[in-house]
Amino acid sequence: MSMPQVDYKESELYRIRHSAAHVMAQAVMEMFPGQARIAIGPPIDDGFYYDFELPRALTPEDLQAIEARMREIIAEDHAFERQALTGDEARRLFADQPYKLELIAGLEAGGQDEYGAEIAGKPEISIYRDGAFTDLCRGPHVERTGMINPSAIKLMGTSGAYWRGDEKNPMLQRIYGTAWKTAEELEQYVWRQEEARKRDHRKLGRELDLFSVSEEIGAGLILWHPKGGMLRKVAEDYCREEHERGGYQFVYSPHIGRAALWEISGHLGWYQENMYAPLDIEGQAYYLKPMNCPFHIQIYKSRTRSYRDLPLRFAEWGTVYRYERSGVLHGLMRVRGFTQDDAHLFCRPDQMPDEIDRVLAFSLNILRAFGFRDFQCYLSTMNPKKAAGTPEQWEAPTEALRMALERAEMPYRIDEGEATFYGPKIDIKVNDAIGREWQLSTIQFDFNLPERFNLSYVGEDGQEHRPYMVHRALMGSMERFMGVLIEHYAGAFPAWLAPLQAMVIPIADRHVEYARQTAARLKEAGLRVEVDERNERMNAKIRDAQMQKVPYMLVVGDKEAESGQVALRLRSGDNPGAMPLEAFLARAQEEVAARR
RNA sequence: GCCACCAUAGCUCAGCUGGCAGAGCGGGCGUUUCGUAAACGUCAGGUCGUGGGUUCGAAUCCCACUGGUGGCUCCA
């Protein structure tokens with residue numbers, strides 16, 4: 001969905017959208033003569049926006065009026081004219097536009113463009129004029145407003161947005177719009193939005209009875225219903241087996257720990273804003289865990305470790321609680337309590353490269369099993385404002401992660417300053433079926449905790465040495481992973497994951513007994529199967545199974561009961577028809593085993 | 001947390017400028033026993049998110065809180 005930035009910035013579409021932003025700003029200025037303050041209005045992935053300070057909040061009706069006026073301005077076909085100015089000239093021109101004045105000052109100071117992005121040297125100050133509207137802008141634009149297709153633009157909505165993205169600044173009103181070359185492209189875009197809405201995990205979660213959130217329990221806290229619970233169990237069981245094969249050992253740890261633990265780990269120093277207020281237990285402060293690492297470290301420390309013991313890989317489906325501001329909560333994707341498929345690797349320095357290689361391959365392998373094909377890797381580097389240790393300490397581990405990515409021949413991007421406080425990390429994001437990117441796996445180097453907890457192992461030389469430590473979560477949070485999975489498959493899970501794999505549909509009451517026998521045989525063979533014994537017509541049962549996205553529908557009537565067959569229907573609508581029960585079973589088992 | 005909007009039956013939603021709380025689906029019961037996406041009939045379901053206020057009278061107007069939606073900021 002996201003196209004290469006460089007190409008996009010030079011594309012005609014980019015100029016169209018940038019120009020549409022100007023046209024929209026003009027329409028808004030006219031709506032509030034002398035009262036509208038304009039900030040910035042760049043093109044974005046699928047359109048554009050413009051930020052304003054206005055005397056009142058915009059309504060949906062305003063958007064309609066603005067959109068209508070935009071079409072008029074386009075029809076007036078004004079030419080876009082560029083003009084270079086001195087700082088003083090620009091200041092005179094925008095004397096009543098405080099945000100523009102701030103931008104002009106920034107441009108004069110040099111080092112960054114009007115969006116705050118770093119650039120070399122001092123940019124030329126320029127304006128673009130189209131008819132009655134003039135904006136501080138470096139361009140580029142289309143030549144005339146008439147080159148914007150009036151039937152390929154649409155205003156999408158409003159939102160609040162902080163000036164320059166800083167929450168200490170005043171909040172402006174942002175209007176989002178989309179613009180394309182043709183009406184058909186706009187239509188396709190609107191259609192894609194609808195598709196995304198259709199596979200929204202919150203909607204499917206209710207329709208397929210997978211999970212819910214209860215107001216009584218609290219925001220951002222998930223209840224897994226039996227169907228969702230099965231989905232999650234199947235995913236977890238598979239991963240547990242893989243972990244066991246991959247040399248991990250399973251551990252369990254409590255949900256709370258004493259303040260001193262979090263003091264030593266550094267969480268109270270670096271991470272407190274994400275932690276809940278302490279519980280008082282007999283005068284001692286305990287904190288709900290936001291991470292599992294200090295617990296696994298205590299397990300490591302429970303005895304003397306020899307170099308022969310390493311690497312140690314402690315895995316736990318650990319439920320953690322993190323404070324999230326109410327406005328950011330979102331279905332399963334952003335919650336306050338979630339379970340990580342967490343593990344901590346402890347190894348000798350000489351084992352580190354191999355461990356990183358292994359965990360990277362392991363992670364991709366698991367993600368592929370769940371049907372993800374496209375991955376984006378990110379290497380997050382030190383954030384000097386939020387980092388334990390010195391830049392020198394960060395250098396080697398950052399390089400180690402980079403080398404692992406190189407060895408794996410994974411293309412990656414650098415996320416400057418996005419590391420955790422305790423070390424650099426590799427994040428793996430996956431692209432789902434409709435191209436959206438989701439952050440799942442994270443592999444984090446940690447040189448901080450072994451130090452703080454004074455971890456050691458006895459080396460070959462009989463001396464104490466400091467082990468290296470890596471945190472990693474592959475599915476990340478089970479909640480988010482399930483959410484991504486729901487949207488990726490639009491609720492139609494492959495048979496191996498589907499909570500209910502087969503629905504047996506007796507045509508009339510006299511077929512119920514045979515249906516039950518059929519179900520019993522399939523259950524015995526390990527399939528998740530139910531019989532729809534309701535007093536409904538076959539058509540209704542098929543429709544319901546279809547809407548529940550059950551992979552296999554097995555219709556049984558007189559013919560099947562007599563011959564020991566089942567009539568298979570797939571949710572795709574395909575109808576392979578009658579076949580011996582054992583033939584269906586073999587087919588289903590094969591598909592489940594292949595995780596198709 | 002901030003900006004805007006929203007909250008009526010399990011779900012989706014109607015309910016006008018304040019005057020008797022509704023529909024479809026779903027659920028219960030009955031009839032029907034049916035061959036690949038909705039049989040028919042009948043019954044039950046609501047302190048109109050919560051608390052306060054205005055008013056003769058509030059689902060409807062005002063305030064606060066809770067929860068949600070789209071963004072911003074932040075992030076697994």
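Naming: A, B, ... by sequence-line order, numbering from 1 per chain. Side chains included, hydrogens not; waters and symmetry mates left out as well; all remaining heavy atoms used.
Between A:Phe295 and A:Trp262, the ring center distance clears the sub-6.0 Å criterion. Residues A:Phe584 and A:Tyr552 bring their aromatic ring centres within 6.0 Å.
At a threshold of 4.0 angstrom between heavy atoms, the contacts of A:Ala567 include nucleobase atoms, whether or not backbone atoms are also involved. Residue-level contact check: A:Gly557 touches the bases, meaning some heavy atom is under 4.0 Å from a base atom. A:Asn274 comes within 4.0 angstrom of nothing in the nucleic acid, heavy atoms only. Base engagement by A:Val335 is indicated by at least one non-hydrogen atom pair under 4.0 Å involving a base atom. Counting non-hydrogen atoms under 4.0 angstrom, A:Ala508 reaches a base of the nucleic acid. Residue contacts for A:Glu207: at a heavy-atom cut-off of 4.0 Å it reaches no nucleic acid atom on any strand shown. Note on A:Asn539: only backbone sugar-phosphate atoms sit closer than 4.0 angstrom, heavy atoms only; bases stay farther off.
In terms of heavy atoms, A:Met70 sits closest to A:Ala20 at CE-O, 3.6 Å. The shortest non-hydrogen separation linking A:Pro424 to A:Ala419 is CA-CB, 3.9 Å. Nearest approach of A:Ala27 to A:Arg69, heavy atoms of both residues: CB-CG, 3.7 Å.
Taking the side chain of A:Tyr176 as heavy atoms from C-beta on, and the options B:G71, B:G35, B:A76, the nearest nucleotide is B:G71. Comparing B:A39, B:A37, B:U12 by their nearest atom to the side chain of A:Met547 picks out B:A37. Taking every side-chain heavy atom of A:Phe338 into account, B:A76 is the closest of B:A39, B:C34, B:A76. Of the candidates B:C72, B:C34, B:U12, B:C34 carries the atom nearest the A:Ile507 side chain, counting heavy atoms from C-beta on. Of all nucleotides listed (B:A39, B:A76, B:G68), B:G68 comes nearest to the side chain of A:Val213. Of the candidate nucleotides B:U73, B:A76, B:G68, B:U73 has the atom nearest to the side chain of A:Glu167. Side chain of A:Met538, nearest nucleotide from B:U33, B:C3, B:G35: B:G35. Side-chain atoms of A:Arg537 lie closest to B:C34 of the nucleotides B:A76, B:C34, B:G67. The side chain of A:Asn535 lies closest to B:U32, out of B:U66, B:U32, B:G35. Considering only side-chain atoms of A:Asp509, the nucleotide from B:U33, B:C72, B:C75 that sits closest is B:U33.
In this model, the phosphate group of B:C75 is not approached by any side-chain N or O of A:Arg325 to a distance below 4.0 Å at OP1 or OP2. Using a 4.0 Å cut-off, no side-chain N or O of A:His471 falls inside it from OP1 or OP2 of B:A76. Side-chain nitrogen and oxygen atoms of A:Thr442 include none within less than 4.0 Å of the OP1 or OP2 phosphate oxygen of B:A76. One finds no side-chain N or O of A:Lys541 lying less than 4.0 angstrom from the OP1 or OP2 phosphate oxygen of B:A38. Taking only side-chain nitrogens and oxygens, A:Arg206 comes nearer than 4.0 Å to OP1 or OP2 of B:U12.
Rounded to whole Å, atom P of B:U66 lies 15 Å from atom CG of A:Leu221. In this structure, CG of A:Asn169 is placed 12 Å from P of B:C74, rounded to the nearest angstrom. A straight line from CE of A:Met333 to P of B:G68 spans 16 Å, rounded to a whole angstrom. Straight-line distance from the CZ atom of A:Arg336 to the P atom of B:G68: 8 Å, rounded to whole Å. Look at CD on A:Glu536: it is 10 Å from P on B:C40, rounded to the nearest Å. With rounding to whole Å, A:Met275 atom CE is found 17 Å from B:C75 atom P. In this structure, the CG atom of A:Asp532 is 15 Å from the P atom of B:A37, given to the nearest Å. Whole-Å rounding puts the A:Asp415 CG to B:C74 P distance at 13 Å.
In this structure, B:U36 makes no Watson-Crick or G-U wobble pair, since no nucleotide meets both defining distances under 3.5 angstrom. Pair check for B:G18 finds none; no Watson-Crick or G-U wobble contact set falls under 3.5 Å. B:G1: Watson-Crick or G-U partner is B:C72, with both key distances under 3.5 Å. Base pairing of B:G27 is made with B:C43, judged by Watson-Crick or G-U wobble geometry with both donor-acceptor distances under 3.5 Å. With a 3.5 Å ceiling on both atom-pair distances, B:A59 lacks any Watson-Crick or G-U wobble partner.
Nucleotides B:C13 and B:C72 have their C1' atoms positioned 31 Å apart, rounded to a whole Å. Across the C1' atoms, B:G46 and B:G27 are found 15 Å apart, a figure rounded to whole Å. With both ends at atom C1', the span from B:C29 to B:G22 equals 23 Å, rounded to whole Å. Going from the P atom of B:C43 to that of B:U36 covers 33 Å, rounded to whole Å. Separation of the C1' atoms belonging to B:A23 and B:U8 is 13 Å when rounded to the nearest angstrom. Spacing of C1' atoms, B:A14 relative to B:C75, comes out at 40 Å, to the nearest Å. Rounded to a whole angstrom, the distance from the C1' atom of B:C5 to that of B:U42 is 41 Å. With both ends at atom C1', the span from B:C61 to B:A76 equals 44 Å, rounded to whole Å.
Ring pair A:Trp180/A:Tyr189 is tilted by interplanar angle, where 30° to 60° counts as tilted.
Side-chain contact between A:Ile428 and A:Gln376 is absent, with no heavy atoms from C-beta onward closer than 4.5 Å.
Under the 90° criterion around 0 for the glycosidic angle, B:G26 counts as anti.
One finds the CZ atom of A:Phe32 at 5.5 Å from the CG atom of A:Asp62 (value rounded to the nearest 0.5 Å).
Within residues 479-486 of chain A, the residues approached by RNA chain B to less than 4.0 Å at the level of any non-hydrogen atom are A:Arg480, in residue-number order.
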